Novice: 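Would you mind keeping the following structure in view while I ask a few things?
The structure presented is a predicted model; accordingly, all values stated were derived computationally and were not measured. For this chain, numbers begin at 1 and follow the sequence in order.
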Amino acid sequence: MTTIKLHNTRTRTKEDFVPISADNVRMYVCGPTVYDRAHLGNARPVVVFDVLYRLLRHTYGADHVTYVRNFTDVDDKINATALARQQAGAEGTLEQLVQERSNETIGWYLHDMGALGALEPNEMPRATQYIAQMIAMIEALIAKGHAYAAEGHVLFAVDSWKEHYGELSGRSVDDMIAGARVEVAPYKKNPMDFVLWKPSTDELPGWDSPWGRGRPGWHIECSAMSYELLGESFDIHGGGNDLMFPHHENEIAQSKCAHPHGEFAKVWLHNEMLQVEGKKMSKSLGNFFTVHDLLEQGVPGEVIRFVFLQTHYRKPMDWTEKKAREAEATLRKWRAQTAGFEPAANAAPAVIAALSDDLNTAGALAELYRLAADGNAAGLLASAQLLGLLIPEMGEWADTTSADLSLHADRLADARAIAMQSKDFSEVDRLKAAYLAAGLEVRMSKDGVELVPGAGFDAAKLEEV
């Protein structure tokens, strides 16, 4: 069996991955807060952990991997959108409108991530489905002296876990207090104490609890859902490195205090953030866009995925239009090369080795280029599909069957031959311009003319030539 090595954030080393049980390899990844469409940065962890999910399924068997990714559907931004709809005249209670907004946004998310070739996890729990389990965990934390109730709130007492709090992110509690922007509230015993439960108004979504009508804090959600679905110890916990502190740090504290005999997550994986054209993505810079925006602009989901895979998950990823154009051209060539072939029985060993080395997707892509250069279409297809590329149902965008490019190449070659005699290259220039406008790369040499579909190829434009 292939040995997978993963960089464990907790130990800060690359380790051999040894599951608790090879019959049920368990992974939990923090999912989205469903208040709006997923922006491009939200998609990066989806693709990263989808590749890991595929690798684990390949290594241990699809029936022996359990992947959980949650939806946070309790949030002030969701409430605000629902309230705005109600004020605009939408029918239904505010609670109904909140649920309607959550359902709508979850549908968008699954569609957009599916367009990127992401497999759906085995379990996709919603926070609102696990309120009772959260309340039970909070009660256990109070009983063990790790939490306290105050003015309708329940807070985790960081001092009760001070010896270990900060081990994941490598910070001491004192340093965190000095440098953190924490909510200052009179009911807190320590500025670092974080909310497990908070009051809710009669209008906003809320649930009855021993501490009054309220709703859970953000951090307790993942602890309760992972425990219910994966147990007190599981193999891998993942997410963006922006979640390392405070979210993941708080998850560890409350989970290990509530279930002291469990290990919670053995391995922690964190992906780096995304940039756009070398700059942090932000609305103020005008470079903020969603996955849906790109799909609507005609950028195929497979192209987005390819660009993501070019950068190791632990390095910042830079999205550029140039990378997207090059990725589209490469995928077109590979799809044309593998058309009519069945994938090999297994991905190439070098591709599996690259992925098993801490998800070295850039190295895996380099092996795909070698397979393509060697003319190994079946191996290229099997290896690409392990990465979630060249999947049949994702290939409509690259369909060039409606255009016979050989006829157009012959036409340009004939025009060039005539021009060489007449010294009038106007027809050659006209054809080249038309083919370039249709998204074709024009390659002319002494051996002849070759037309290669490039970024944005539109076969319909050839009808005008």
Novice: Distance-only criterion, 3.5 Å: show the donor-acceptor pairs between side-chain atoms of residues 352-359 and protein atoms not counting sequence neighbours.
Specialist:
{"unit_1": "S356", "atom_1": "OG", "unit_2": "I352", "atom_2": "O", "d": "2.8"}
{"unit_1": "D357", "atom_1": "OD1", "unit_2": "K14", "atom_2": "NZ", "d": "2.7"}
{"unit_1": "D358", "atom_1": "OD1", "unit_2": "H7", "atom_2": "N", "d": "3.0"}
{"unit_1": "D358", "atom_1": "OD1", "unit_2": "Y313", "atom_2": "OH", "d": "2.5"}
{"unit_1": "D358", "atom_1": "OD2", "unit_2": "Y313", "atom_2": "OH", "d": "3.4"}

Novice: Of all residues at least two apart in sequence or in a different chain, which pass the salt bridge (Lys or Arg N to Asp or Glu O under 4.0 Å) check with D76?
Specialist: R215
Novice: Report yes or no: does N241 contribute a side-chain atom to a donor-acceptor pair with the main-chain N or O of E272 at less than 3.5 Å?
Specialist: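 The answer is no, because no donor-acceptor pair under 3.5 Å joins these two groups.
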Novice: Counting only N and O atoms by type, is there a donor-acceptor contact under 3.5 Å from the side chain of D318 to the main-chain atoms of L274?
Specialist: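 Pair absent, no side-chain N/O of D318 close to backbone of L274.
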Novice: By the side chain to side chain donor-acceptor pair (under 3.5 Å) test, which pairs, at least two apart or in different chains, include something from residues 293-306?
Specialist: D50-R305, T290-D293, E302-R335, E302-W397
Novice: Taking the side chain as every heavy atom from C-beta outward, state whether K279 and N287 have any atom pair closer than 4.5 Å.
Specialist: yes
Novice: For Q99, I'd like to know if atom CD has over 12 heavy atoms of other residues, nucleotides or ligands within 6.0 Å.
Specialist: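 Counting other residues, nucleotides and ligands, CD of Q99 stays at 12 neighbours or fewer.
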Novice: Looking at every non-hydrogen atom in both residues, tell me the closest pair between A147 and L196 and how far apart they are.
Specialist: CB-CD1, 3.7 Å
Novice: Inspect the surroundings of CZ in F288 and state if more than 12 heavy atoms from other residues, nucleotides or ligands are less than 6.0 Å away.
Specialist: yes
Novice: Taking ring-ring contact (aromatic ring centres under 6.0 Å, His included) as the test, write out the residues that go with F306, two or more places apart.
Specialist: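 W334.
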Novice: Considering all heavy atoms of both residues, which atom of P19 and which atom of D235 are nearest to each other, and what is their separation?
Specialist: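 Smallest interatomic distance, heavy atoms only, reads CA-OD1, 3.2 Å.
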Novice: Does the side chain of T33 come within less than 4.5 Å of K77's, by heavy atoms?
Specialist: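 No, their side chains stay 4.5 Å or more apart.
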Novice: Without hydrogens or angle criteria, can the side chains of Q254 and S223 be said to hold a donor-acceptor pair below 3.5 Å?
Specialist: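 On atom types as modelled, these side chains qualify, holding a pair under 3.5 Å.
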Novice: Do F264 and Y227 pass the ring-ring contact (aromatic ring centres under 6.0 Å, His included) test, and can you show the C-alpha distance, the side-chain angles, and the key distance before you say yes or no?
Specialist: CA-CA 8 Å; F264 192 41; Y227 174 72; 9.8 Å; no
Novice: Answer yes or no: are there more than 12 heavy-atom neighbours, outside E393 itself, under 6.0 Å from its atom CD?
Specialist: yes
Novice: Hey, does I135 have a side-chain heavy atom less than 4.5 Å from the side chain of W197?
Specialist: yes
Novice: Between M317 and F308, is a side chain to side chain contact (heavy atoms under 4.5 Å, CB included) present by the stated rule, with each step listed?
Specialist: CA-CA 7 Å; M317 200 219 86; F308 280 10; 3.2 Å; yes
Novice: Establish, yes or no, whether a centroid distance under 6.0 Å links the rings of Y435 and H408.
Specialist: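 When the ring centroids of Y435 and H408 are compared, they turn out to be within the sub-6.0 Å range.
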Novice: With no hydrogens and no angle check, is any side-chain donor or acceptor of N250 less than 3.5 Å from a backbone partner on H219?
Specialist: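 Side chain of N250 to backbone of H219, a donor-acceptor pair under 3.5 Å: no, none is there.
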Novice: Any Lys/Arg nitrogen of E441 or R443 sitting under 4.0 Å from an Asp/Glu carboxylate oxygen of the other?
Specialist: yes
Novice: Treating R26 as the side-chain partner and F234 as the backbone partner, does any N or O pair qualify as donor plus acceptor under 3.5 Å?
Specialist: no
Novice: Taking S21 for the side chain and D23 for the main chain, is one N or O donor matched with an acceptor at less than 3.5 Å?
Specialist: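 Yes; at least one donor-acceptor contact below 3.5 Å.
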Novice: To check you understand the geometry: which heavy-atom pair defines the closest contact between T311 and K323, and what is its length?
Specialist: OG1-NZ, 4.5 Å
Novice: For the pair L390 and L331, evaluate side chain to side chain contact (heavy atoms under 4.5 Å, CB included) and give the outcome as yes or no after the intermediate values.
Specialist: CA-CA 8 Å; L390 304 189; L331 286 168; 4.2 Å; yes
Novice: Where does the angle between the aromatic ring planes of Y165 and F194 fall among parallel (under 30°), tilted (30 to 60°) and perpendicular (over 60°)?
Specialist: parallel
Novice: Would you verify whether the NZ or CZ of R126 falls within 45 degrees of the ring axis of Y130 while also being under 6.0 Å from that six-membered ring's centre?
Specialist: no
Novice: As a test of understanding, state which of D36, D75, D73 forms a salt bridge (Lys or Arg N to Asp or Glu O under 4.0 Å) with R101.
Specialist: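 Exactly one option meets the salt bridge (Lys or Arg N to Asp or Glu O under 4.0 Å) with R101, and it is D36.
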Novice: Examine distances only and state if a side-chain atom of H259 and a backbone atom of G262 form a donor-acceptor pair shorter than 3.5 Å.
Specialist: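 Checked: no pair found.
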Novice: Does E263 CD have over 12 foreign heavy atoms under 6.0 Å away?
Specialist: yes
Novice: Quick check: H270 with H248 (ring centres under 6.0 Å apart)?
Specialist: yes
Novice: Under 4.5 Å between any side-chain heavy atoms of L462 and L440, yes or no?
Specialist: yes
Novice: State whether the side chain of T320 and the backbone N or O of E277 hold a donor-acceptor pair below 3.5 Å, judged by distance alone.
Specialist: no
Novice: Can you find a heavy atom in the side chain of W319 that is under 4.5 Å from one in the side chain of L40?
Specialist: yes
Novice: If the condition is ring-ring contact (aromatic ring centres under 6.0 Å, His included), which residues does W108 pass it with, not counting sequence neighbours?
Specialist: none
Novice: Would you say the side-chain atoms of E249 pair up with the backbone N or O of S169, donor to acceptor, closer than 3.5 Å?
Specialist: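 At least one qualifying donor-acceptor pair exists.
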Novice: Does a side-chain heavy-atom distance below 4.5 Å link P205 with V98?
Specialist: yes
Novice: Decide yes or no for L309 and L387: does some side-chain heavy atom of the first lie under 4.5 Å from some side-chain heavy atom of the second?
Specialist: yes
Novice: Can we call the ring centroids of F71 and Y109 under 6.0 Å apart?
Specialist: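 Yes, the ring of F71 comes within the 6.0 Å limit of the ring of Y109, centre to centre.
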Novice: For the pair K333 (side chain) and E328 (backbone), establish whether a donor and an acceptor sit closer than 3.5 Å, ignoring hydrogens and angles.
Specialist: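 Not a single qualifying donor-acceptor pair exists.
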Novice: Compare every heavy atom of L110 with every heavy atom of R69, then report the nearest pair and how far apart it is.
Specialist: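 Nearest pair, atom of R69 first, then L110: NH2-CD2, 4.1 Å.
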Novice: Any side-chain heavy-atom pair from Y67 and L56 closer than 4.5 angstrom?
Specialist: no
Novice: Report the C-alpha separation of F17 and V25 in whole Å, then their side-chain angles, then the decisive distance to 0.1 Å, and conclude whether the side chain to side chain contact (heavy atoms under 4.5 Å, CB included) test is met.
Specialist: CA-CA 11 Å; F17 174 67; V25 183; 3.7 Å; yes
Novice: Please determine, by modelled atom types, if T330 and E326 share a side-chain donor-acceptor pair under 3.5 angstrom.
Specialist: no
Novice: Could you work out, with salt bridge (Lys or Arg N to Asp or Glu O under 4.0 Å) as the rule, every residue matching E100, not counting sequence neighbours?
Specialist: R85
Novice: Step through the shown structure and confirm whether more than 12 heavy atoms of other residues, nucleotides or ligands are within 6.0 Å of NE2 on H111.
Specialist: no
Novice: Is it true that the side chains of E221 and T72 contain a donor and an acceptor less than 3.5 Å apart?
Specialist: yes
Novice: Please report the closest heavy-atom contact between Q337 and A372, naming both atoms and the distance.
Specialist: NE2-O, 2.9 Å
Novice: Check for a donor-acceptor pair, side chain of R10 on one end and backbone N or O of K266 on the other, with a separation under 3.5 Å.
Specialist: yes
Novice: If you take all heavy atoms of W268 and N8, which pair is closest and at what distance?
Specialist: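 Scanning both residues completely, I find the closest heavy atoms to be N-OD1, 3.1 Å.
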